[in-house]
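Everything below concerns the one structure shown next.
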Amino acid sequence: MLHNQLKDLRGQIDTLNLQILELLNQRARIASEIGKVQSQLGTSFYDPQREAQMLQDLEAANQGPFSNETIKALFREVFRASMALEEKEARAKILVQRGSPNDKTIISLPDGSQIGNGDFTIISGPCAVESYEQMDETAAALAERGVRILRGMAYKPRTSPYDFQGLGEPGLKMARQVANKYNMLITSEIMDKSQIQMMSDYTDIFWVGARNMQNSFLLKALGQVRQPVILKRGLAATLEEFLYAAEYIVSSGNPNVILVERGIRTFEKWTRNTLDISGVAILKLETHLPVVVDISHSAGRRDIAIPLARAAKAVGADGLMVEVHPNPPVAMSDAKQQLSIPQFNELMDGLS
Ligand code: PEP
Ligand code: MN
């Protein structure tokens, strides 16, 4: 008798379980629709007011035997699961994600040249602008070898506040004058979004350094400029974090982002950083954005510039970045890694 009753009650529970299961999934499907609408509206998945209201309504409707606290705890769990689902769906569709093998961002530059079109682009110049003469001598040599993008770095994010911090706006002016003389484009590192307007007068391509890769306010602001943005991988950033940083710029309205692998911090001491060459291959699979390899900051030494440049080309990078200085031993920054002009010419010969 009791056994039959138990069987019957368990049967009722099994039926209810299936009904709850169906209702939970029905709810999840609707939550996911809401997520899509929110994505289009650009609003956040998490709406604490809406969540509090739903809990209040449930509390008011609850007739027991579960206590209000238990009901709220159960529903909070349901809310969390729905939000995780919405986030997962949103993540699977980030804008910088490569959709198909032919999906690639080709960036048109103001001089009519392109980056990301299958050519191997060289971005070069000294670590920092030091003088007009230094820029002129470097740019002349680079232009001779067909380089179109010149580093015009006037703000240097140095480890020590007592080291050379860059020439600031006067340095930008020098870089611009020299670039105009040789028909080159200027790329220059921006430190803060307050500099956007001033730097726009001198800069063709904004540059976000490794130390600012996760400065989301700067990234969002650069999503609103018309110039392309070079984004360097953070010192210890995973590839996922790197792509999310790019997503900040792209989702804010600027699709023209160039990624730069610049080496990551590891235990190795014979290089300044470890060039993550497999990371470049993965980026080429995972994103449609162009990827450039910085062979200077990744190595911190000039004697392996040629093999690293060859590796960058072989792995499918869209170009390389190399620091060149007319007299590297006396450079105000990164003296150990900058190439002299003859060394740069050797590198270019070694690439062709
Ligand atoms: C640079 O390329 O000028 C530079 C400072 O490098 P990073 O931001 O990668 O350290
Ligand atoms: Mn440097």
Side-chain angles (χ1 to χ4, degrees), residues 96 98 101-109 111 113-127 138 141-151 184-185 187 205 207 210 228-233 239 242-243 246 256-264 266 268 270-325 328 334 337-352:
V96 301
R98 186 161 168 256
N102 297 328
D103 186 12
K104 56 181 175 184
T105 293
I106 299 177
I107 300 176
S108 294
L109 300 171
D111 64 350
S113 66
Q114 291 181 327
I115 185 158
N117 61 355
D119 293 346
F120 196 67
T121 303
I122 312 287
I123 301 169
S124 188
C127 179
T138 313
L142 298 178
E144 181 85 10
R145 299 301 300 246
V147 177
R148 314 183 72 117
I149 307 176
L150 179 65
R151 288 173 59 102
M184 295 171 91
L185 301 170
T187 180
I205 306 170
W207 176 294
V229 178
I230 287 176
L231 176 66
K232 297 195 84 177
R233 182 176 181 182
L239 295 172
F242 192 17
L243 287 188
N256 298 319
V257 177
I258 299 149
L259 302 174
V260 178
E261 156 58 26
R262 46 80 72 202
I264 47 176
T266 69
E268 184 49 62
W270 288 359
T271 45
R272 181 176 174 180
N273 294 290
T274 296
L275 174 58
D276 184 9
I277 205 76
S278 57
V280 179
I282 292 171
L283 288 172
K284 289 301 297 175
L285 285 180
E286 292 292 329
T287 177
H288 47 78
L289 297 175
V291 183
V292 164
V293 174
D294 172 350
I295 60 166
S296 295
H297 298 86
S298 52
R301 50 195 285 175
R302 42 184 154 258
D303 54 351
I304 53 171
I306 293 177
L308 293 189
R310 286 184 175 149
K313 201 169 183 181
V315 82
D318 296 278
L320 70 81
M321 200 300 293
V322 60
E323 288 184 340
V324 175
H325 191 285
D334 289 348
Q337 71 195 30
Q338 304 203 57
L339 301 189
S340 67
I341 289 166
Q343 283 163 344
F344 169 73
N345 283 324
E346 243 178 81
L347 172 89
M348 293 302 282
D349 294 341
L351 268 180
S352 51

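For the pair Met348/Ile122, a side-chain contact is recorded, criterion being any heavy-atom separation below 4.5 Å from C-beta on. The shortest side-chain heavy-atom distance between Leu308 and Val293 does not fall under the 4.5 Å cut-off. Counting only heavy atoms from C-beta outward, the side chains of Leu239 and Glu286 never approach each other to under 4.5 Å. Leu109 places none of its side-chain heavy atoms less than 4.5 Å from the side chain of Arg148. Side-chain contact between Ile304 and Thr271 is present, with at least one heavy-atom pair separated by less than 4.5 Å. By the 4.5 Å heavy-atom criterion applied to side chains, Leu243 and Leu259 are counted as neighbours. A 4.5 Å side-chain heavy-atom check between Glu144 and Ile341 finds every atom pair outside the cut-off. Counting heavy atoms from C-beta outward, Val257 and Val96 have side chains that stay 4.5 Å or more apart.
Checked by atom type and distance alone, the side chain of Asp294 pairs as donor or acceptor with a backbone atom of Ser296 at under 3.5 Å. Of the possible donor and acceptor atoms, none in the side chain of Arg262 sits under 3.5 Å from a partner among the backbone N and O of Met321. A donor-acceptor pair under 3.5 Å is absent between the side-chain atoms of Thr121 and the main chain of Gly319, judged by distance alone. In this structure, the side chain of Arg302 does not engage the main chain of Leu339 through any donor-acceptor pair within 3.5 Å. Of the possible donor and acceptor atoms, none in the side chain of Arg310 sits under 3.5 Å from a partner among the backbone N and O of Lys313. A distance-only check finds a donor-acceptor pair linking the side chain of Glu261 to the backbone of Asp276 [under 3.5 Å]. Under the 3.5 Å distance criterion, the side-chain polar atoms of Asp318 are matched with a main-chain donor or acceptor of Val291.
For the pair Pro126 and His325, the tightest heavy-atom approach, listed with the atom from each and the gap, is CB-CD2, 4.2 Å. Nearest approach of Thr187 to Ile205, heavy atoms of both residues: OG1-O, 3.0 Å. The shortest heavy-atom contact between Ser108 and Gln114 is OG-NE2, 3.9 Å. Nearest heavy atom pair, residue Phe242 against residue Leu283, reads CE2-CD1, 3.8 Å. For Leu150 against Met184, the heavy-atom pair with the smallest separation is CB-CE, 4.0 Å. Between Gln338 and Gln343 the shortest heavy-atom distance is O-OE1, 4.3 Å.
Checked options Cys127, Ser124, Ser340; the residue passing with Val324 is Ser124 (criterion: side-chain contact (heavy atoms from CB on, under 4.5 Å)).
By the 6.0 Å and 45° rule, Arg151 stacks over the aromatic ring of Trp207.
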